[in-house]
Novice: 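Submitted below is the structure of interest, expressed as structure tokens.
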Amino acid sequence: MSAAETADHLSLISILAYEGVDELDLVSVFAPLAKAASQSSRFPILPALTGSSSRVRGANGLTFEVDANITQLAHSDAVVIPGGPGVHVLHEDPELSKQLVALVQRQVPVYTICSGIFVLARLGLLDGLQVAVHAQKREALGNFINAEQIGSGFIQNGFLRSIGGSPRASYVKGLEMAYQILNDFCPEAIDYVAARLETWPALSK
């Protein structure tokens with residue numbers, strides 16, 4: 001059964017996997033969701049690595065097999081955009097841009113990790129929204145949106161949930177975002193996942 005076919009029964013969380021994605025961002029958000037998905041009879045959630053090609057190479061050389069084609073974003077209950085140097089050309093993918101614009105128009109939740117926010121900024125989808133990004137990337141992001149919109153930590157504003165710029169040494173952005181996604185879609189899975197990973201959320205729920 002494909003990801004799209006199961007979306008009627010499970011919350012489909014599409015995680016963008018692209019050339020030059022930051023491996024830590026990708027794995028740290030995917031792994032906790034996959035732990036929950038392993039107990040699908042208890043936790044109705046399905047994470048899927050989604051991209052324009054069947055295999056992608058991360059920023060530091062790791063390769064990832066992609067579960068679903070980018071067109072399946074249309075069936076998603078939420079989309080995650082990890083950071084990484086490759087994010088700066090994602091807006092040039094016409095199918096991805098089309099899908100993201102449609103998702104935002106439908107107010108489907110979009111979760112961005114650090115520089116993942118740039119693809120939305122380049123597509124003009126952040127009008128008036130408060131966002132979070134790594135402190136060293138604020139100036140670059142200010143080329144696309146007003147500086148007053150840019151903050152740090154975890155920020156939820158409209159359809160957007162963004163994370164970045166935390167000063168906490170133990171703060172793994174992708175992991176914290178995974179817990180936020182679980183909190184939104186199946187909060188009963190948080191204790192199970194945290195016990196399995198032996199890592200509890202740093203952010204309050």
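Note that these values count all heavy atoms, side chains included, but never hydrogens, waters or copies made by symmetry.
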Novice: Heavy atoms only: give me the nearest Phe185-Ser11 pair and the separation to one decimal.
Specialist: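 It is CD2-OG, 3.5 Å.
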
Novice: Are Val89 and Ile117 linked, directly or through other ILVMFWY residues, by side chains that come within less than 4.5 angstrom of each other?
Specialist: no

Novice: Determine the minimum heavy-atom distance between Asp25 and Asp22, stating which atoms define it.
Specialist: N-OD1, 2.9 Å

Novice: Against Leu16, only a single residue in Val21, Ile70, Val80 fulfils side chain to side chain contact (heavy atoms under 4.5 Å, CB included); can you say which?
Specialist: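 Testing Leu16 for a side chain to side chain contact (heavy atoms under 4.5 Å, CB included) against Val21, Ile70, Val80 leaves exactly one candidate, Ile70.
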
Novice: Identify the two heavy atoms, one from Gly84 and one from Tyr18, that lie closest to each other, and give their separation to 0.1 Å.
Specialist: N-OH, 3.4 Å

Novice: For a side chain to side chain contact (heavy atoms under 4.5 Å, CB included) with Arg161, tell me which candidate from Asp184, Ile181, Thr112 qualifies.
Specialist: Asp184

Novice: If two hydrophobic side chains count as joined below 4.5 Å and joins carry through other members, does Val101 share a cluster with Leu96?
Specialist: yes

Novice: For Leu12, run the side chain to side chain contact (heavy atoms under 4.5 Å, CB included) check against Val79, Leu73, Asp77 and tell me which one passes.
Specialist: Asp77

Novice: Checking side-chain polar atoms at under 3.5 Å, does Gln180 have a donor or acceptor matched by the opposite partner on Glu176?
Specialist: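 Not at all, the side chains of Gln180 and Glu176 share no donor-acceptor pair under 3.5 Å.
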
Novice: For a quick test of reading the model, state the closest non-hydrogen atom pair linking Pro32 to Val27 and the distance between them.
Specialist: CD-O, 4.2 Å

Novice: In a table with atom names and distances, give each donor-acceptor pair under 3.5 Å that connects a side chain of residues 122-135 to protein atoms at least two apart or in another chain.
Specialist:
{"unit_1": "Arg122", "atom_1": "NH1", "unit_2": "His88", "atom_2": "ND1", "d": "2.9"}
{"unit_1": "His134", "atom_1": "ND1", "unit_2": "Gln136", "atom_2": "N", "d": "2.9"}

Novice: For Phe159 versus Leu120, what's the shortest heavy-atom pair and its separation?
Specialist: CE1-CD1, 4.3 Å

Novice: Taking Val87 as the starting point, is it possible to reach Leu62 by hopping between hydrophobic residues whose side chains are less than 4.5 Å apart?
Specialist: yes

Novice: Under the rule for ring-ring contact (aromatic ring centres under 6.0 Å, His included), what residues qualify as partners of Tyr192, not counting sequence neighbours?
Specialist: Phe43

Novice: Going by the rule ring-ring contact (aromatic ring centres under 6.0 Å, His included), which residues pair with Tyr111 if we only count those two or more places apart in sequence or in a different chain?
Specialist: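 Per chain and number, Tyr111 pairs via ring-ring contact (aromatic ring centres under 6.0 Å, His included) with no residue.
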
Novice: Check the pair Glu19 / Arg57 against salt bridge (charged side-chain N to carboxylate O under 4.0 Å, His left out), numbers first and verdict last.
Specialist: CA-CA 5 Å; Glu19 289 292 318; Arg57 182 181 177 88; over 6 Å; no

Novice: Side-chain heavy atoms under 4.5 angstrom apart, residues restricted to Ile, Leu, Val, Met, Phe, Trp, Tyr: same cluster for Ile155 and Val104?
Specialist: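 No, Ile155 and Val104 fall in different hydrophobic clusters.
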
Novice: Are Val172 and Trp200 linked, directly or through other ILVMFWY residues, by side chains that come within less than 4.5 angstrom of each other?
Specialist: no

Novice: When rounded to the nearest 0.5 angstrom, what is the spacing between CE in Met177 and CD1 in Ile81?
Specialist: 10.0 Å

